Amino acid sequence: MIVQACINGARPRDFHPKLPLTAQAMAGDAAACVAAGAGELHIHPRGADGHESLAAVDATVLAARRACPGTLVGVSTGAWIENDVARTRAAIAGWRELPDYASVNLSEADAPAVMELLRQRGVGIEAGLATTEDAERFVALADHDRVLRILIEIDIPDLALALAEANGIAAVLEHAEVRRPILLHGVDATVWPFVELARQKRWSTRVGLEDGKTLADGTVAKDNAEIVAAAVAVFRSASAG
């Protein structure tokens, strides 16, 4: 069980005053999150214009590694980042500072090819499953067991519906006898209920400004590190129990 820090995602500049958008800001923020107890980092690198960019992976991963030596650093390969299959593949093929892992959304048409490219480059894969259909597609892949972990990532705002989808995904994985580690996370209103559910199931979770800016009591957190510290406290309560 780990708490992964997802420090920025695709959030716009005005989402939170402490949203890190440059490589150096991300590195400093990452260090604060690790100090607060984060076991890993999930980062969306940004180009000079502030937009997400797979071409910015090298500089961002290097900065994060220098700030957080020994901590695993992951990035997103979301199709929206480059908005072009060829550009996405070319950017990944051109990485020089390889991340430890990259998330791949099974809802995206090119996901199997992106996964194979990451394997060829020696980058671990987080298989992102947002629906039961994603889970069924994942378990149908011949090499689905060759991933670092499964992300059950639900972006449904209604908690009851979100829980039902998460349980449906877990059932598909169980039926297929998938035995990879699982990381569960929600978005905005479902972040903290899913942190608690992950604790109960002894899965990993992630928190940070990519997924939401509030603490469990609804107050806006001052920064990513405060969110991480709160989630770590939830997980430590499981260990103490």
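Predicted model only: the values in this text are computed from it and were never measured. All values below come from the heavy atoms of this structure, side chains included, with hydrogens, waters and symmetry mates left out.
For the residue pair R46 and A56, the shortest heavy atom distance occurs at O-CB, 3.4 Å. Here the closest non-hydrogen pair linking W203 and M1 is O-CG, 3.6 Å. Considering all non-hydrogen atoms of both residues, A130 and I169 come closest at C-CD1, 3.7 Å. Of all heavy-atom pairs between W192 and T214, the closest is NE1-O, 2.8 Å. Residues L184 and A198 share a closest heavy-atom pair of CD2-N, 4.0 Å. The two residues V3 and F235 have their closest heavy-atom pair at CG2-CD2, 4.0 Å.
With a 4.5 Å cut-off on side-chain heavy atoms, R146 and L141 do not count as touching. No side-chain heavy atom of P193 sits less than 4.5 Å from a side-chain heavy atom of L163. Contact check for I92 versus L118: side-chain heavy atoms found under the 4.5 Å cut-off. Counting heavy atoms from C-beta on, the side chains of V57 and P99 come closer than 4.5 Å. For the pair R119/I125, a side-chain contact is recorded, criterion being any heavy-atom separation below 4.5 Å from C-beta on. A 4.5 Å side-chain heavy-atom check between V139 and L173 finds at least one atom pair inside the cut-off. Counting heavy atoms from C-beta on, the side chains of V172 and H175 never come closer than 4.5 Å. The shortest side-chain heavy-atom distance between L19 and K213 does not fall under the 4.5 Å cut-off.
Atom CD in E165 sits 10.5 Å away from atom CD1 in I152 (nearest 0.5 Å). One finds the OG1 atom of T60 at 5.0 Å from the CE atom of M26 (value rounded to the nearest 0.5 Å). Atoms CG and CZ, on D84 and R89 in that order, are 10.0 Å from each other to the nearest 0.5 Å. Note that OG1 of T71 and CG of D100 are 9.5 Å apart. Values are rounded to the nearest 0.5 Å. Rounded to the nearest 0.5 Å, atoms CG (D134) and CD (E108) are 9.5 Å apart. Atom-to-atom distance recorded for H44:NE2 and C6:SG is 8.0 Å, nearest 0.5 angstrom.
Between E196 and K201 no salt bridge is recorded (no basic side-chain N to carboxylate O distance below 4.0 Å). A salt bridge is absent between D110 and R87; no separation between the charged side-chain nitrogens and carboxylate oxygens falls under 4.0 Å. With respect to E40 and R149, a salt bridge is recorded, a charged nitrogen being found less than 4.0 Å from a carboxylate O. A salt bridge is defined here as a Lys NZ or Arg NE, NH1 or NH2 lying under 4.0 Å from an Asp or Glu carboxylate O, and D29 with K18 fails to meet this definition.
When atom types are taken as modelled, the side chain of R121 and the backbone of L98 share no donor-acceptor pair closer than 3.5 angstrom. No donor-acceptor pair closer than 3.5 Å links the side chain of N105 to the backbone N or O of G128. The main-chain N or O of A127 is never found under 3.5 Å from a side-chain atom of H144 such that the two would form a donor-acceptor pair. Side-chain atoms of D49 come within 3.5 Å of backbone atoms of H51 as a donor-acceptor pair (strictly under, hydrogens ignored).
In the hydrophobic clustering of this structure, F138 groups with I154; members are Ile, Leu, Val, Met, Phe, Trp, Tyr whose side-chain heavy atoms approach within less than 4.5 Å, directly or through other members. One hydrophobic cluster, built from ILVMFWY side chains closer than 4.5 Å, cannot hold both V73 and L62; they sit in different ones. Under the 4.5 Å side-chain heavy-atom criterion for ILVMFWY residues, a single connected hydrophobic cluster contains both L117 and V61. Under the 4.5 Å side-chain heavy-atom criterion for ILVMFWY residues, a single connected hydrophobic cluster contains both V232 and V195. Hydrophobic clustering, with ILVMFWY side chains joined whenever heavy atoms are under 4.5 angstrom apart, groups F15 together with L21.
Enclosure of atom CD in Q24 is not indicated, since only 12 or fewer non-hydrogen atoms of other residues, nucleotides or ligands lie within 6.0 angstrom. Around CZ of R179, the count of heavy atoms belonging to other residues, nucleotides or ligands within 6.0 Å exceeds 12. Atom CD of E177 has 12 or fewer heavy atoms from other residues, nucleotides or ligands within 6.0 Å.
Qualifying side-chain contact (heavy atoms from CB on, under 4.5 Å) partners for A36, counting only residues two or more places apart in sequence or in other chains: A225, V228, A229.
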- request: Applying side chain to side chain contact (heavy atoms under 4.5 Å, CB included), run through E116 and D143 and close with a yes or a no.
  value: CA-CA 9 Å; E116 182 55 32; D143 49 6; 3.9 Å; yes
message: Please evaluate residues Q4 and E126 with respect to the criterion side chain to side chain contact (heavy atoms under 4.5 Å, CB included), reporting the C-alpha separation (whole Å), side-chain torsions for both, the decisive distance (0.1 Å), and the verdict.
response: CA-CA 12 Å; Q4 184 187 86; E126 289 184 322; 3.1 Å; yes
- request: Walk me through it: do R206 and H42 pass the test side chain to side chain contact (heavy atoms under 4.5 Å, CB included)?
  value: CA-CA 9 Å; R206 79 177 201 190; H42 174 79; 3.6 Å; yes
task: Would you sort out whether I43 and I7 count as a side chain to side chain contact (heavy atoms under 4.5 Å, CB included), showing the intermediate values?
output: CA-CA 6 Å; I43 301 174; I7 64 176; 3.9 Å; yes
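Put simply, the residue from D211, T205, I227, L215 that forms a side-chain contact (heavy atoms from CB on, under 4.5 Å) with V191 is D211.
Residues in residues 95-125 take part in no ring-ring contact (aromatic ring centres under 6.0 Å, His included) pair, two or more places apart or across chains.
Checking D217 against T219 by side-chain atom types alone, a donor-acceptor pair falls below 3.5 Å.
Summarising the hydrophobic clusters (Ile, Leu, Val, Met, Phe, Trp, Tyr; side-chain heavy atoms under 4.5 Å, direct or chained), the residues clustered with L151 are L183.
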